[in-house]
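Everything on this sheet refers to the single structure shown next.
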Amino acid sequence: MPDAPLFRNALILVTLSGLVGCGRGPEEKLAGKWVGDRIDNVSAEQVARATGWVKGTTFEFAGDKLTVTVPAESPRKGTFKVSRVEGDKMVLSVARPDTPTYDETTLTMHNDKSMSWDIGQGREVLLVRTQ
């Protein structure tokens, strides 16, 4: 039989390292590139135009940096912080360039590969991870 205290300490170490690995923070969950897939809650006459806009939208998270690309505009880059987490929802505070103000946006994580971006008026954009 293995030495009981040594065996117990090894078991505790393995258990603790497993728990630490499972506790990814919000920033790690967001890391990578996300592309627009679809939009919910738009009128039938707006679906085609809105879907075209959504498909050209990307979010790219790297550490505390965020790059947002939307069609017909230059990419916007800035820093962000997660200001609130409520279950699967997180509120991001995104610094405006050259000002001390922040914009807030709400994201809802569905799983490691998809999330929704609340763009207001009951509309959400589904984003899927590409990397």
(message) Closer than 4.0 angstrom, basic N to acidic O: yes or no for R123 and D118?
(response) no
(message) Once side-chain hydrogen bond (donor to acceptor under 3.5 Å, both in side chains) is applied, do any residues pair with S74, and if so which ones, sequence neighbours excluded?
(response) none
(request) Could you check if a side-chain atom of V125 sits within less than 4.5 angstrom of a side-chain atom of W53, using non-hydrogen atoms only? (result) yes
(request) Could you tell me whether a side-chain N or O of T69 sits under 3.5 Å from a main-chain N or O of T58, the two making a donor and an acceptor? (result) no
(request) Check whether any side-chain heavy atom of V68 sits under 4.5 Å from a side-chain heavy atom of V94, and report yes or no. (result) no
(message) Check this for me, if you would: do R96 and D103 make a salt bridge, where the nitrogen-to-carboxylate-oxygen distance has to be below 4.0 angstrom?
(response) yes
(message) Test of understanding: clusters of I, L, V, M, F, W, Y form through side-chain heavy atoms closer than 4.5 Å, transitively. Do L92 and V70 belong to the same one?
(response) yes
(request) For E73, look at atom CD and say whether over 12 heavy atoms of other residues, nucleotides or ligands are found less than 6.0 Å away. (result) yes
(message) How long is the straight-line distance from NZ of K89 back to CG of L107, given to the nearest 0.5 Å?
(response) 10.5 Å
(request) Please report the closest heavy-atom contact between F80 and V82, naming both atoms and the distance. (result) CE1-CG2, 4.2 Å
(request) Report the distance from atom CE of M115 to atom CE of M90, rounding to the nearest 0.5 Å. (result) 8.0 Å
(request) Could you tell me the separation between the CE atom of M109 and the CG atom of N111, rounded to the nearest 0.5 Å? (result) 7.5 Å
(message) How close do S114 and L126 get, counting heavy atoms only, and between which atoms?
(response) CB-CD1, 4.1 Å
(request) Give the cluster check for V85 versus F61: same hydrophobic cluster or not, with ILVMFWY residues linked at side-chain heavy-atom distances below 4.5 Å. (result) yes
(message) If you define the side chain from C-beta out and look only at heavy atoms, does anything of V128 sit under 4.5 Å from V35?
(response) yes
(request) State, to 0.1 Å, how close K77 and T67 come at their nearest heavy-atom pair, and which atoms those are. (result) CG-OG1, 3.5 Å
(message) Can you list everything that forms a salt bridge (Lys or Arg N to Asp or Glu O under 4.0 Å) with D40? Sequence neighbours excluded, please.
(response) R38
(message) Can you tell me how far apart CD (E86) and OG1 (T106) are? Round to the nearest 0.5 Å.
(response) 8.0 Å
(request) Report yes if the side chains of L30 and L66 come closer than 4.5 Å at any heavy-atom pair, otherwise no. (result) no
(message) To check you understand the geometry: which heavy-atom pair defines the closest contact between N41 and G122, and what is its length?
(response) ND2-O, 3.0 Å
(request) Can you measure from OG1 (T130) to NZ (K113) and round to the nearest 0.5 angstrom? (result) 12.0 Å
(message) Testing the basics here: between D112 and R129, what is the closest heavy-atom pair and its distance to 0.1 Å?
(response) O-NE, 2.6 Å
(request) Heavy atoms only: give me the nearest W34-L127 pair and the separation to one decimal. (result) CE3-O, 3.8 Å
